[in-house]
Amino acid sequence: MISIEQAKQMAAKLKASLELRDHKIPYSIALEIVSHQLGFRDWNTAAATLLPQVSSSHIHFSKPIPILRIFDVRKAQEFYLEFLSFSVEFEHRFEPHLPLYMGIAREGLQLHLSEHHGDASPGATLFIPMKNIASFRNELHGKHYGYGRPEIVKQDWGDVMEVHDPFGNRLRFCQS
């Protein structure tokens, strides 16, 4: 049986492969397709089944999902969805005019964006290990985003490209 991480990698590869053929789908849809290919009803069922069985006597942490504070939904969508090409996994509001809490993902990186006052402080820095940073930089430059043209800086620990969102948060991408 494959692991949940292998299934996620399959979904990321499927999404990337389809994008090369001008068929853009959200990561969440790719997860659903992979779960069906593996014989599961949906991604939730697959994820529950594929989770590694951890003994109750051992502590096990899953990867964290950072929460970033946002103040303007349209600016957040322009930056994260249009410029950085994340896909929406979910959106939640307790009522129609209350603050938004949104989950986004791209190529295995998950972030939560929140308008809620107590969820996070603006000015956070995320360190994001990655591969193919030059291709990512070229992709971003090709979008002609008016508020940033990030460059790669060579450091002792790797190539680093820092991108600033409209709310003072920094996404520091690094290829070792």
Side-chain angles (χ1 to χ4, degrees), residues 4-5 7-12 14-16 18-19 22-38 40-52 54 56 59-130 136 139-140 143-148 150 161-173:
I4 191 168
E5 290 306 315
K8 288 179 180 179
Q9 289 172 357
M10 289 169 63
L14 172 64
K15 182 180 182 309
L18 288 172
E19 284 181 357
D22 294 321
H23 296 290
K24 191 168 186 169
I25 63 169
Y27 181 66
S28 58
I29 298 297
L31 290 171
E32 291 295 327
I33 292 169
V34 167
S35 67
H36 290 227
Q37 289 174 331
L38 296 174
F40 296 99
R41 183 182 66 216
D42 54 32
W43 175 250
N44 288 340
T45 305
T49 304
L50 297 175
L51 279 174
V54 178
S56 61
I59 295 171
H60 174 80
F61 295 104
S62 296
K63 68 178 182 174
I65 301 174
I67 301 171
L68 297 173
R69 184 77 154 91
I70 63 170
F71 299 99
D72 181 306
V73 173
R74 181 62 208 126
K75 284 183 180 179
Q77 290 170 334
E78 178 186 24
F79 181 78
Y80 286 99
L81 306 182
E82 295 169 23
F83 180 53
L84 295 182
S85 298
F86 278 81
S87 297
V88 175
E89 289 191 309
F90 68 86
E91 292 183 354
H92 177 266
R93 294 179 191 266
F94 287 103
E95 292 179 16
H97 298 294
L98 291 180
L100 174 69
Y101 191 92
M102 176 169 55
I104 60 173
R106 178 176 178 182
E107 308 301 333
L109 174 60
Q110 291 180 287
L111 302 175
H112 286 183
L113 307 177
S114 179
E115 285 187 299
H116 291 271
H117 172 70
D119 277 348
S121 296
T125 299
L126 303 183
F127 185 83
I128 306 166
M130 69 171 298
F136 187 43
E139 174 189 313
L140 297 181
K143 294 194 177 179
H144 303 289
Y145 182 65
Y147 301 103
M161 181 176 69
E162 198 165 279
V163 180
H164 299 257
D165 80 2
F167 317 105
N169 300 304
R170 289 178 297 240
L171 287 79
R172 189 173 290 155
F173 299 95

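Computed from heavy atoms alone, side chains included, the values below leave out hydrogens, waters and symmetry copies.
- Shown here for Pro150 and Glu162, the closest heavy-atom pair between the two residues is CB-O, 3.7 Å.
- A distance of 6.0 Å separates CG in Leu111 from CD1 in Ile128, rounded to the nearest 0.5 Å.
- By the 30° and 60° cut-offs, the orientation of the rings of Phe83 relative to Tyr145 is parallel.
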### Message
Test side chain to side chain contact (heavy atoms under 4.5 Å, CB included) on Ile59 and Phe61; report intermediate values, then the result.
### Response
CA-CA 7 Å; Ile59 295 171; Phe61 295 104; 3.6 Å; yes
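- Considering every non-hydrogen atom in both Ser85 and Glu139, the closest pair reads OG-OE2, 3.7 Å.
- Between the side chain of Glu32 and the backbone N or O of Trp43, at least one donor-acceptor pair lies under 3.5 Å.
- Across every non-hydrogen atom of Ala7 and Val34, the tightest pair is O-CG1, 3.8 Å.
- By the 6.0 Å contact criterion, CZ on Phe71 is enclosed, its count of non-hydrogen atoms from other residues, nucleotides or ligands being greater than 12.
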### Task
List the steps, then state whether side chain to side chain contact (heavy atoms under 4.5 Å, CB included) holds for Leu84 with Ile104.
CA-CA 11 Å; Leu84 295 182; Ile104 60 173; over 6 Å; no
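- With sequence neighbours excluded, the residues that form a ring pair (Phe, Tyr, Trp, His ring centres under 6.0 Å) with Phe94 are His92.
- Asn169 places a side-chain N or O within 3.5 Å of a backbone atom of Arg69 that can act as its donor or acceptor partner.
- Across all non-hydrogen atoms, the minimal contact from Lys75 to Pro166 is O-CG, 4.0 Å.
- For Glu78, there are no salt bridge (charged side-chain N to carboxylate O under 4.0 Å, His left out) partners two or more places apart in sequence or in a different chain.
- The aromatic ring centroids of His112 and Phe90 lie less than 6.0 Å from each other.
- For the residue pair Ala30 and Ala11, the shortest heavy atom distance occurs at CB-O, 3.4 Å.
- Across Arg93 and Leu98, no two heavy atoms sit closer than the pair NH1-O, 2.7 Å.
- In terms of modelled atom types and a separation under 3.5 Å, the side chain of Lys143 and the main chain of Glu82 share a donor-acceptor contact.
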### Message
Using the rule given for side chain to side chain contact (heavy atoms under 4.5 Å, CB included), can you reason through Leu140 versus Met161, listing the C-alpha separation, both sets of side-chain angles and the distance that settles it, and then say yes or no?
### Response
CA-CA 11 Å; Leu140 297 181; Met161 181 176 69; 3.9 Å; yes
### Task
Go through Ile70 and Phe79 one step at a time and tell me if the side chain to side chain contact (heavy atoms under 4.5 Å, CB included) criterion holds.
CA-CA 11 Å; Ile70 63 170; Phe79 181 78; over 6 Å; no
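- With sequence neighbours excluded, no residue forms a ring pair (Phe, Tyr, Trp, His ring centres under 6.0 Å) with Phe167.
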